[in-house]
Enquirer: 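So that we are looking at the same thing, I have put the structure below in structure tokens.
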Amino acid sequence: PASQAAARSSRISGLMSSKMYGPSVYPYQPNGIWLSPWNGDEWKQNTGEDQYRRALYTYWKRSSPYPSMMTFDGVAREVCTVRRIRTNTPLQALTTLNDSAYIDIARSFAYRMQKLAGNDVKQQIKAGFKLATYHDIDDKSLSAFLNLYNTALSKFKNDPDKTCKMIGGMNEHTNAETAALAVVANAMLNLDEVVTKN
């Protein structure tokens with residue numbers, strides 16, 4: 001389910017909030033999805049720790065449920081459900097690869113890899129893989145992630161606007177190397193071993 005996939009990724013990236021109880025929260029959601037023609041309410045995204053709380057705390061509106069929850073078989077909540085169905089669809093992969101919430105998680109995961117392993121990209125990837133899967137990376141996987149990193153790095157070096165967009169704005173992390181590592185982090189968080197088996 002979306003809540004498990006997001007929670008697992010948030011925990012790995014270091015973003016997961018451990019805050020308990022309190023009012024519902026409003027994590028990232030694109031404008032225009034949450035329409036309220038009867039009362040004009042708007043989805044006002046939380047900032048700080050509240051946007052990284054467990055999905056249990058996400059505000060739920062039956063006429064406009066949170067999109068990624070529905071993509072991951074969230075129930076409509078009109079009737080009691082004993083067991084949720086589980087599916088594996090391309091829409092789920094598109095969500096975890098492209099949804100802004102997951103990109104934000106990948107960024108933070110990249111920062112965490114840099115903090116743990118310094119400037120050596122091989123060590124960064126090894127540290128990230130171990131965090132995500134609880135075991136050491138093999139040579140074949142390391143080579144694949146290094147190729148992905150180098151491909152992304154060459155593109156980001158030639159396009160400062162894309163680099164800035166991948167990092168989410170101008171800050172101390174806005175450089176081609178970190179943006180490329182965020183691409184690797186995103187791919188790592190989308191491994192079947194991480195999404196469904198971990």
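Values reported hereafter were calculated over all heavy atoms of this structure, with side chains retained and with hydrogens, waters and symmetry mates removed. This chain uses plain numbering: 1 for the first residue, then up along the sequence.
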Enquirer: Give the minimum heavy-atom separation between I105 and S13, together with the two atoms involved.
Expert: O-CB, 3.4 Å
Enquirer: Between A182 and A106, which heavy-atom pair has the shortest distance, and what is it?
Expert: O-CB, 3.7 Å
Enquirer: Within a strict 4.5 Å, meaning less than it, do heavy atoms of the L142 and F129 side chains meet?
Expert: no
Enquirer: Search all heavy atoms of Y102 against all heavy atoms of T95 and return the closest pair with its distance.
Expert: CD1-O, 3.6 Å
Enquirer: Would you say that L189 contacts T96 through its side chain, given a criterion of any heavy-atom pair below 4.5 Å between the two side chains?
Expert: no
Enquirer: Can you confirm whether Y149 sits close enough to L181 that some side-chain heavy atom of one is under 4.5 Å from a side-chain heavy atom of the other?
Expert: yes
Enquirer: Please report the closest heavy-atom contact between R54 and M16, naming both atoms and the distance.
Expert: CG-SD, 3.9 Å
Enquirer: Do D50 and Y57 get their side chains close enough for a donor-acceptor pair, meaning under 3.5 Å?
Expert: no
Enquirer: Can you tell if the side chain of R107 reaches within under 4.5 Å of the side chain of M166, non-hydrogen atoms only?
Expert: no
Enquirer: What class does the angle between the rings of Y26 and Y59 fall in, given that below 30° is parallel, 30 to 60° is tilted and above 60° is perpendicular?
Expert: parallel
Enquirer: Determine yes or no for a side-chain-to-main-chain donor-acceptor pair under 3.5 angstrom, with Q114 supplying the side chain and N119 the backbone.
Expert: no
Enquirer: Taking the side chain from N98 and the backbone from L94, do they hold a donor-acceptor pair closer than 3.5 Å?
Expert: yes
Enquirer: Do you know the tightest heavy-atom contact between T151 and S154?
Expert: O-OG, 2.8 Å
Enquirer: Could I get the full list of salt bridge (Lys or Arg N to Asp or Glu O under 4.0 Å) partners for D136, not counting sequence neighbours?
Expert: K130
Enquirer: For N175 versus E172, what's the shortest heavy-atom pair and its separation?
Expert: ND2-O, 4.2 Å
Enquirer: So does Y52 get a backbone contact from the side chain of S17, meaning a donor-acceptor N/O pair under 3.5 Å?
Expert: no
Enquirer: Hey, mind stepping through L131 and M188 against side chain to side chain contact (heavy atoms under 4.5 Å, CB included) and telling me if it holds?
Expert: CA-CA 10 Å; L131 274 173; M188 209 175 277; over 6 Å; no
Enquirer: Is there a side-chain contact between E177 and L153, using heavy atoms and a 4.5 Å cut-off?
Expert: yes
Enquirer: Using modelled atom types and a 3.5 Å cut-off, is there a donor and acceptor pairing between side-chain atoms of T174 and backbone atoms of N171?
Expert: yes
